[in-house]
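Chain letters run A, B, ... following the sequence lines, proteins first, then strands; residues in each count from 1.
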Number of protein chains: 2
Amino acid sequence: MTDEERKFLDAYDASAFAGPLATVDMAIFCIREDALHVLLIKRGNHPDKGRWALPGGFVDTSRDADTHATALRKLSEKTGVKTPYLEQVVTVGGADRDPRGWALTVLYFALIDHAALSPANENVEEAEWVEVHEALERELAFDHRELLTRAARRLAYKARYSALPLRLLPAEFTLVETQRVFEILLGARLEKKSFRRRILAADIVEETGQTRPSARRPAQLYRLTREIEEDFAFPGLIHTKPALL
Amino acid sequence: MTDEERKFLDAYDASAFAGPLATVDMAIFCIREDALHVLLIKRGNHPDKGRWALPGGFVDTSRDADTHATALRKLSEKTGVKTPYLEQVVTVGGADRDPRGWALTVLYFALIDHAALSPANENVEEAEWVEVHEALERELAFDHRELLTRAARRLAYKARYSALPLRLLPAEFTLVETQRVFEILLGARLEKKSFRRRILAADIVEETGQTRPSARRPAQLYRLTREIEEDFAFPGLIHTKPALL
DNA sequence: TAAATAGTGTCTCTCAGACAGTATGGG
DNA sequence: CCCATACTGTCTGAGAGACACTATTTA
């Protein structure tokens, strides 16, 4: 760094500019009761006090190293889950979306295994797992209906060609359960043989050797053989347009 | 709005919070000289004065209705192009990416037809179209190398399953030219028959009836039959992993 | 008519969909 | 042994890759 540059930076006052409000919002998804659910929080403060909203909050420039850290912090506060799948969806910024001023929010979605929820789940705030279609019919705070739509659409879209939905399952799962998760996300029935061929050919799961006890024939349990990354795509598409949204 | 809420908003001072700096950066792509090029600007101010950078700037909360408007404004300033294809790539925010403070940038990429550039192209600032691989070898300002990588990767990825690269072509184009654009983005040769079958089956182009004059057999000109949207995907993938990045 | 590029016919191989069949448990 | 669910065998059709072939222009 040159002296000239140092002098410039010393004289620079970042707070002199009226920048936008910067927040992170999260669509935290899990599967319960054979349906996709999202976590909603009842707002305790103005504006939109009393409305249901996606969990989120201001970027704390003194605590958060980056926006990903903000999202992880929010998620941990609300659910106790530390290692979810976390993916940035979109950033929405504009003058009209928050009465406090020009507001910019970075939207993430998180996928968690419902069973992994810690007791910290039941917070001081009123929180509720809501089936996604029902959530979209509520009068959500700000533009959160649009945000939730974007997040759910992204997730549904990815179910067509990626292994992402596996992150909604517990560490050990059966292929029938896996198929059901994909069907929920896609809003369509899938053909069993094709589904199993595809997922086994993708070489991302392996048998544990254990079976899930059942009143009928017990199903083989599988586990992941590697982490599912954001860009992991299967060969082949499921030729179903997601019905969701 | 309730009286209570109005009172809350009147008392609210958005500038009381030290929020992050909010900027928009753009990777503006076009095809020239049989290669993908990106527009770089030489920074005239500190920090990183003199370094090449992606065009961008602060969100102006008094002028820009939303981030999309910021991006369009920047694009118009730099290239004179008003109706590009514009897509948000990612938002990167963190404490260490800008010496002025915690900085958050929304990254967009734009696709333009090189021929559509207005004379306003040659601005007061020093600007240059740089071949993408060469740009990635330069010492770019801030974390712009990472940003450019993200934008180029997104574009290359989409070339596998979407019609997006058509937005790099002029209003009338031949199928051979189209194929070449895909090949540049994918970094691989494509099989002519398969490519033509796919793009014709997608029902997004139609013959104009004109041909492109040539010293050899003239090629049929085509035009788009509809706008290419962000989520428009073909049936079938090109089973080539993009070599680019 | 040669050269060069535009564009086509057609075989093959892969893989998703369909669906009937087999396997394995509990009552 | 019956039922329900897990899982497999195998046919078929659609579509991508390969590549040789034809078409159309100028020099």
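- The residue among T211(B) and R216(A) whose nearest nucleotide of DNA chain D lies closer to the 5′ end is R216(A).
- In this structure, the CD atom of Q220(A) is 19 Å from the P atom of dT5(D), given to the nearest Å.
- Aromatic ring orientation, Y161(A) versus Y157(A): perpendicular (interplanar angle above 60°, classes split at 30° and 60°).
- Between R217(B) and K193(B), the residue anchored nearer the 5' end of DNA chain C, judged by the nucleotide with its closest heavy atom, is R217(B).
- Atom NZ of K192(B) and atom P of dT22(D) are 15 Å apart (whole Å).
- For R197(B) against dG17(D), a side-chain-to-base donor-acceptor contact under 3.5 Å is present.
- With distances taken from any side-chain atom of V176(A) to the nucleotides dG7(C), dC19(D), dC7(D), the minimum falls on dC7(D).
- Atom P of nucleotide dG9(D) and atom CG of L200(A) are separated by 12 Å, given to the nearest angstrom.
- Using bins of under 30°, 30° to 60° and over 60° for the plane-to-plane angle, the ring pair F109(A)/Y85(A) lands in the tilted bin.
- Within 4.0 Å (heavy atoms only), T174(B) reaches no atom of the nucleic acid at all.
- Under 4.0 angstrom from either OP1 or OP2 of dA16(D) there lies no side-chain N or O belonging to S194(B).
- Using modelled atom types, one finds a donor on one side chain and an acceptor on the other under 3.5 Å when comparing H114(A) with R32(A).
- Between L175(A) atom CG and dT5(D) atom P the separation is 17 Å, expressed in whole Å.
- Residue E128(B) forms a salt bridge (charged side-chain N to carboxylate O under 4.0 Å, His left out) with just one option from K42(B), K78(B), R138(B), and that option is R138(B).
- One atom, CZ of R196(B), and another, P of dA6(C), lie 8 Å apart when rounded to the nearest Å.
- Note that the NZ atom of K192(A) and the CD atom of Q179(A) stand 7.0 Å from one another [nearest 0.5 Å].
- Protein atom CZ of R189(B) is 15 Å distant from nucleotide atom P of dG17(D), rounded to whole Å.
- Rounded to whole angstrom, the span from the CZ atom of R198(B) across to the P atom of dG7(C) amounts to 19 Å.
- Put simply, CZ on F195(B) is 12 Å from P on dG7(C), counting in whole angstrom units.
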